[in-house]
Enquirer: 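Could you have a look at this structure, given as structure tokens, before my questions?
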Amino acid sequence: MKFAVLVFPGSNCDVDMYHAIKDGLQMDVDYVWHHQTDLSAYDGILLPGGFSYGDYLRSGAIARFAPVMGEVQKAAKEGKLILGVCNGFQVLLEAGLLPGAMRRNDSLKFRCFHTPLEVVNNQTAFTTQYDQGEIISIPIAHGDGNYYCDPATLQDLEKNNQIVFKYQENPNGSVADIAGVINKQGNVLGMMPHPERAVETLLGSADGKRLFTSILANWRERHVTNV
């Protein structure tokens with residue numbers, strides 16, 4: 001399995017994401033600049049955190065129009081696994097690949113610390129190596145992480161089991177304590193907490209590593225045949 005870490009002007013967690021895949025997962029990974037228009041060589045596409053284009057308009061709103069995003073849309077339709085973390089989640093929301101929108105934290109303060117998350121759905125390609133209802137520790141680092149959707153969309157998310165992670169101690173005012181959602185097809189996940197910063201105990205938690213090993217295990221199950 002080969003991964004692409006997309007890099008927009010202002011990305012600042014791309015190195016963390018690269019490290020999680022290259023050193024934590026021992027898999028091939030490339031940085032892919034925002035103006036590239038071919039992602040056909042990659043099986044997994046990762047949108048890291050940061051401040052794409054300075055977040056000057058609205059977080060992710062400009063990155064959504066980067067040339068590479070056409071390929072991300074194409075990859076999503078093809079069923080490739082796509083993960084957006086923090087600013088990457090915001091980009092996926094702005095691109096319409098996930099439902100909802102992001103607002104300023106209700107405290108109007110930047111929040112940065114480890115926070116407990118509940119694994120609400122462990123039946124996705126990103127979470128099968130967690131237990132259902134397991135509480136994990138993953139760091140957050142954001143000022144615009146207040147996830148919002150209207151009541152009808154929330155009802156759809158709940159009905160379709162698209163809420164993947166919930167905060168135990170809601171740090172930003174997100175509706176229904178939502179920390180991460182997946183699309184209906186189950187191949188695009190967005191989450192505000194940073195699993196790539198929790199892949200080894202040296203970092204304070206290794207709970208994020210199983211998200212990446214889940215991706216790898218499920219991809220192998222789908223694409224690697226016995227010989």
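No hydrogens, no waters, no symmetry mates; every other heavy atom, side chains included, goes into these values. If you read the sequence from its start, that first residue is 1, and numbering goes on from there.
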Enquirer: Not counting sequence neighbours, which residues clear side chain to side chain donor-acceptor pair (under 3.5 Å) with Asn187? List them please.
Expert: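 Result, side chain to side chain donor-acceptor pair (under 3.5 Å) vs Asn187: Asn183.
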Enquirer: Looking at every non-hydrogen atom in both residues, tell me the closest pair between Leu81 and Ile215 and how far apart they are.
Expert: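 Here Leu81 and Ile215 meet closest at CD1-CG2, 3.8 Å.
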Enquirer: Calculate, to the nearest 0.5 Å, the distance between atoms CE and CE belonging to Met1 and Met27 respectively.
Expert: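 Met1 CE to Met27 CE: 7.5 Å, rounded to 0.5 Å.
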Enquirer: Quick check against the 3.5 Å criterion: does Asn105 have a side-chain atom that pairs as donor or acceptor with the backbone of Ser107?
Expert: no
Enquirer: Identify the two heavy atoms, one from Ala101 and one from Leu93, that lie closest to each other, and give their separation to 0.1 Å.
Expert: C-CD1, 4.0 Å
Enquirer: Could you tell me which residues satisfy side chain to side chain donor-acceptor pair (under 3.5 Å) with Thr124, sequence neighbours excluded, listed by chain and number?
Expert: Thr127
Enquirer: Given Met17 and Phe3, is the side chain to side chain contact (heavy atoms under 4.5 Å, CB included) satisfied, shown in steps?
Expert: CA-CA 10 Å; Met17 190 70 84; Phe3 291 87; over 6 Å; no
Enquirer: With sequence neighbours excluded, give me every salt bridge (Lys or Arg N to Asp or Glu O under 4.0 Å) pair touching residues 24-35.
Expert: Lys2-Asp30
Enquirer: As a quick check of understanding, evaluate side chain to side chain contact (heavy atoms under 4.5 Å, CB included) for Leu154 and Ile178, giving each step before the final call.
Expert: CA-CA 10 Å; Leu154 178 59; Ile178 290 173; 3.9 Å; yes
Enquirer: Excluding sequence neighbours, so at least two apart, what forms salt bridge (charged side-chain N to carboxylate O under 4.0 Å, His left out) with Arg104?
Expert: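 If we apply the salt bridge (charged side-chain N to carboxylate O under 4.0 Å, His left out) test to Arg104, skipping adjacent residues, the hits are Asp144.
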Enquirer: Do Phe89 and Met102 come close enough that some side-chain heavy atom pair is under 4.5 Å?
Expert: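 In contact.
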Enquirer: Classify the side-chain pair Ser174/Asn172 by whether it contains a donor and acceptor separated by less than 3.5 Å.
Expert: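 Yes.
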Enquirer: Assign the ring pair Trp33 / His35 to parallel, tilted or perpendicular, where the plane angle (0 to 90°) is split at 30° and 60°.
Expert: perpendicular
Enquirer: Enumerate the side chain to side chain donor-acceptor pair (under 3.5 Å) contacts for residues 63-80, please, sequence neighbours excluded, ordered by first and then second residue.
Expert: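 Passing the test, one end in residues 63-80: no pairs.
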Enquirer: Say you draw a straight line from CG of Leu117 to CD1 of Ile136; how long is it, rounded to the nearest 0.5 Å?
Expert: 5.0 Å
Enquirer: Kindly state each residue pair satisfying side chain to side chain donor-acceptor pair (under 3.5 Å) with at least one member in residues 108-121, sequence neighbours excluded.
Expert: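 Pairs touching residues 108-121 that pass the test: His114-Ser137.
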Enquirer: Please tell me whether Ile45 and Val15 are part of a single hydrophobic cluster in this structure, the criterion being side-chain heavy atoms less than 4.5 Å apart.
Expert: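 Yes, one cluster joins them.
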Enquirer: Do you know which two heavy atoms are closest between Gln162 and Ile182, and how far apart they sit?
Expert: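 In this case the closest contact between Gln162 and Ile182 is NE2-O, 2.7 Å.
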Enquirer: Sequence neighbours excluded, which residues qualify as side chain to side chain donor-acceptor pair (under 3.5 Å) partners of Asn218?
Expert: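 With sequence neighbours excluded, Asn218 shows a side chain to side chain donor-acceptor pair (under 3.5 Å) to Thr128, given in chain and number order.
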Enquirer: Give a yes or no answer on whether the side chain of Asp150 reaches the backbone of Ala152 with a donor-acceptor pair at less than 3.5 Å.
Expert: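 Looks like yes, one N/O pair under 3.5 Å.
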Enquirer: If a pair satisfies side chain to side chain donor-acceptor pair (under 3.5 Å) and one of its residues is in residues 9-18, list it, with sequence neighbours excluded.
Expert: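 Applying side chain to side chain donor-acceptor pair (under 3.5 Å) to every pair that reaches into residues 9-18, excluding sequence neighbours, yields Asp16-Arg197.
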Enquirer: Hey, could you give me each pair passing ring pair (Phe, Tyr, Trp, His ring centres under 6.0 Å) that has a residue in residues 40-88? Not counting sequence neighbours.
Expert: His34-Tyr53
Enquirer: If you look only at pairs with a residue in residues 153-175, which of them pass as a salt bridge (Lys or Arg N to Asp or Glu O under 4.0 Å), with sequence neighbours excluded?
Expert: Asp156-Lys159
Enquirer: Between Ile140 and Pro193, is there a side-chain heavy-atom distance shorter than 4.5 Å?
Expert: yes
Enquirer: Can you list every pair that meets salt bridge (Lys or Arg N to Asp or Glu O under 4.0 Å) and has a residue in residues 83-95, with sequence neighbours left out?
Expert: Arg58-Glu94
Enquirer: Given side chain to side chain contact (heavy atoms under 4.5 Å, CB included), test Val120 with Phe165 step by step and report yes or no.
Expert: CA-CA 5 Å; Val120 179; Phe165 297 109; 5.8 Å; no
Enquirer: Give me the atom names and distance for the closest heavy-atom approach of Val91 to Ser52.
Expert: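 Heavy atoms of Val91 and Ser52 come nearest at CG2-OG, 4.2 Å.
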Enquirer: Quick one: side chain to side chain donor-acceptor pair (under 3.5 Å) partners of Glu134, sequence neighbours excluded?
Expert: Arg210
